[in-house]
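Treat the numbers as computed from the prediction; the structure is a model and nothing was measured. Below, each value reflects all heavy atoms present in this structure, side chains not excepted, and no hydrogens, waters or symmetry copies. Residue indices begin at 1 and follow the sequence shown. Counting starts at 1 for both ligands and their atoms, in listed order.
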Amino acid sequence: MTAHVLVTGGAGFIGSHTVDLLIREGYAVTVLDSLEKGHRAAVHPEAAFVQGDCGDPVLLDMIFAERPVDAVLHFAAYIEAGESMREPGRFFVNNTARPMVLLDAMMRAGVKQFVFSSTAATYGEPLYTPIDEKHPQSPTNAYGYAKLLVEGALDWMHRLRGLDYAALRYFNASGCSERLGEDHHPETHLIPLILDVAAGRRDAIKLFGTDYPTPDGTCIRDYIHVEDLAAAHLLALRALGKGTPLIYNLGNGQGYSVRQVIDVARRITGHPIPVEVEPRRAGDPAVLVASSDKIRQELGWEPRYPSLESIVQSTWNWRRQHPVGYGA
Ligand SMILES: NC(=O)c1ccc[n+]([C@@H]2O[C@H](COP(=O)([O-])OP(=O)(O)OC[C@H]3O[C@@H](n4cnc5c(N)ncnc54)[C@H](O)[C@@H]3O)[C@@H](O)[C@H]2O)c1
Ligand SMILES: O=c1ccn([C@@H]2O[C@H](COP(=O)(O)OP(=O)(O)O[C@H]3O[C@H](CO)[C@@H](O)[C@H](O)[C@H]3O)[C@@H](O)[C@H]2O)c(=O)[nH]1
């Protein structure tokens, strides 16, 4: 069993939940996070913490020299597809170039196991739905393309340098655990923004586009609970070592339109949640729904929180207990 895991981006939303699970499962964990976006308070107290950049080769050499790292879970990245259309260069540097520096440092140190946070955004506009792993990858935003470039590099590192990797293509990560929540600054994700309205922190939810080719005209997404994502990372980590890349979609296979998500939040919070209709946000595909049959069949992954209600409820619970998130 892998003993020591380096988790980049482990102070962020999905990374911190995964670190908690790894610690519970007995792994030694080192978190490397710049804290540009994440929260020190989200890092499990039993994990070692290094503040720094995952693309800093000197720091990486030091970490690998000092710690017996067996595997790297790479979450560190910028995450907003809309922002990537305005500032593509920042995304190609942080989400493509820096992981390359990390992979190179791993190769120098002889660390061969890697789990990569890929995304549904690598697929682009679906040719069929639900999307399986064989679906062509043709991103509609720079964020998705930056991630796809890393997937390509992983394949070459596997073939040429024996890298043993998993690429997990998450759909829309959401939900909270009891200890950890979603607290981005600025927040751009739909569910926490809707709940900001219910909590009285915003007047209305902006609805980006009502003219998509979907039943109610708003975009459809597949929301997956962050604890189910964390569990998938553990399974992937344990499955590495067979010499074959592990490429999996992670979603619930159920699509919800923006209006449907708002309706669920209205029922849970009892708040009317007013809506302001806005134009489409650049780069948003109309529909993204996953087939996760492959990881279910091959690794036995089974989501514990598949319903949108349970996802929104867990986020609402955390927000009521942490009205200012992790604080300043
Ligand atoms: N949130 C989603 O819905 C979603 C969906 C698909 C894929 N992903 C991917 O999952 C990963 C985690 O997403 P998240 O929602 O937890 O994001 P997040 O912003 O909460 O966490 C990312 C963390 O990485 C850190 N970071 C960013 N650049 C860094 C760098 N160069 N060096 C060190 N640390 C750095 C940030 O400080 C932050 O703590 C990302 O790679 C993202 O692309 C997220
Ligand atoms: O204020 C808002 C925010 C979002 N949306 C819409 O809600 C949907 C979901 O948006 P959001 O929560 O921002 O998630 P995505 O843009 O789908 O992207 C997330 O999910 C992708 C995978 O599907 C990941 O790759 C990204 O990192 C992650 O940010 C989209 O149709 C948005 O246009 C609104 O209408 N109003």
Return all side-chain donor-acceptor pairs below 3.5 angstrom for residues 144-157, not counting sequence neighbours, or 'none' if the list is empty.
{"residue": "Lys147", "atom": "NZ", "partner": "Ser117", "partner atom": "O", "Å": "2.8"}
{"residue": "Glu151", "atom": "OE1", "partner": "Gln137", "partner atom": "NE2", "Å": "3.3"}
{"residue": "Glu151", "atom": "OE1", "partner": "Arg169", "partner atom": "NE", "Å": "3.4"}
{"residue": "Glu151", "atom": "OE1", "partner": "Arg169", "partner atom": "NH2", "Å": "2.7"}
{"residue": "Glu151", "atom": "OE2", "partner": "Ser118", "partner atom": "OG", "Å": "2.6"}
{"residue": "Glu151", "atom": "OE2", "partner": "Arg169", "partner atom": "NE", "Å": "2.9"}
{"residue": "Asp155", "atom": "OD2", "partner": "Arg159", "partner atom": "NE", "Å": "3.3"}
{"residue": "Asp155", "atom": "OD2", "partner": "Arg159", "partner atom": "NH2", "Å": "2.8"}

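When hydrogens are left out, the protein atom nearest atom 31 (O) of ligand 2 is Cys219 CB, 3.0 Å; that is the closest non-hydrogen contact. Nearest to atom 11 (C) of ligand 1 among the protein's heavy atoms is Phe75 O, 3.2 Å. In this structure, atom 25 (O) of ligand 2 lies nearest to the protein heavy atom Thr119 OG1, 2.4 Å. With respect to atom 18 (P) of ligand 1, the closest heavy atom belonging to the protein is His184 NE2, 3.5 Å. Looking at atom 29 (O) of ligand 2, its nearest protein heavy atom turns out to be His189 NE2, 2.5 Å. Among all non-hydrogen protein atoms, the one lying nearest atom 43 (O) of ligand 1 is Tyr143 OH, 2.6 Å. Of the protein's non-hydrogen atoms, Asp33 OD2, 2.6 Å is the one closest to atom 39 (O) of ligand 1. The protein non-hydrogen atom at the shortest distance from atom 28 (N) of ligand 1 is Asn94 ND2, 3.0 Å. The nearest protein atom to atom 2 (C) of ligand 2, hydrogens excluded, is given as Phe208 CE1, 3.3 Å; this is a heavy-atom distance. Looking at atom 18 (O) of ligand 2, its nearest protein heavy atom turns out to be Asn172 ND2, 4.0 Å. Nearest protein heavy-atom neighbour of atom 17 (O) of ligand 1: Ile79 CG2, 3.4 Å. Nearest protein neighbour of atom 32 (N) of ligand 1, counting heavy atoms only, is Cys54 N, 3.0 Å. Among protein heavy atoms, the minimum distance from atom 10 (O) of ligand 1 is reached at Tyr170 CE1, 3.2 Å.
Ligand 1 does not have Ala120 within reach: every non-hydrogen atom of the residue lies 4.0 Å or more from it. For Arg169, the heavy-atom gap to ligand 1 stays at 4.0 angstrom or more. Look at Ala11 and you'll find a heavy atom under 4.0 Å from some atom of ligand 1. Residue contacts with ligand 1 leave out Ser174, since none of its heavy atoms falls under 4.0 Å from the ligand. For the pair His39 and ligand 1, no heavy-atom separation below 4.0 Å is found.
Residue Tyr223 places no N or O, backbone or side chain, under 3.5 Å from any N or O of ligand 2. Here's the thing with Lys37: one of its N/O atoms is less than 3.5 angstrom from an N/O atom of ligand 1. Residue Leu190 has at least one N or O atom closer than 3.5 Å to an N or O atom of ligand 2. For the pair Ile79 and ligand 2, the shortest N or O to N or O distance falls below 3.5 Å. Considering backbone and side-chain N/O atoms, Glu80 never comes within less than 3.5 Å of an N/O atom of ligand 2.
Close approach of ligand 1 to Thr119 (heavy-atom distance below 4.0 Å) involves ligand atoms 6 (C), 7 (C). The ligand atoms of ligand 1 that sit less than 4.0 angstrom from a heavy atom of Ala173 are 1 (N), 2 (C), 3 (O). Of all the atoms in ligand 1, the ones that sit under 4.0 Å from a non-hydrogen atom of Arg98 are 31 (N). Of all atoms in ligand 1, listed by their number and element, those nearer than 4.0 Å to a heavy atom of His189 are 1 (N).
With hydrogens and angles ignored, the 3.5 Å screen pairs no side-chain donor or acceptor of Thr96 with any backbone N or O of Val93. At distances below 3.5 Å, at least one donor-acceptor pair connects side-chain atoms of Thr140 with backbone N or O atoms of Gly283.
A donor and an acceptor atom, one from each side chain of Tyr248 and Glu298, are located under 3.5 Å apart.
Counting only non-hydrogen atoms, the option in Thr8, Val101, Ile14, Asn172 that gets closest to atom 14 (P) of ligand 1 is Ile14. Within the set Ala77, Gly38, Ser16, the minimum heavy-atom distance to atom 22 (C) of ligand 1 is found for Ala77.
Contact annotation for His74 and ligand 1: no heavy atom of the residue comes within less than 4.0 Å of the ligand.
Within 6.0 Å of atom NZ in Lys294, more than 12 heavy atoms from other residues, nucleotides or ligands are found, so the atom counts as buried in its surroundings.
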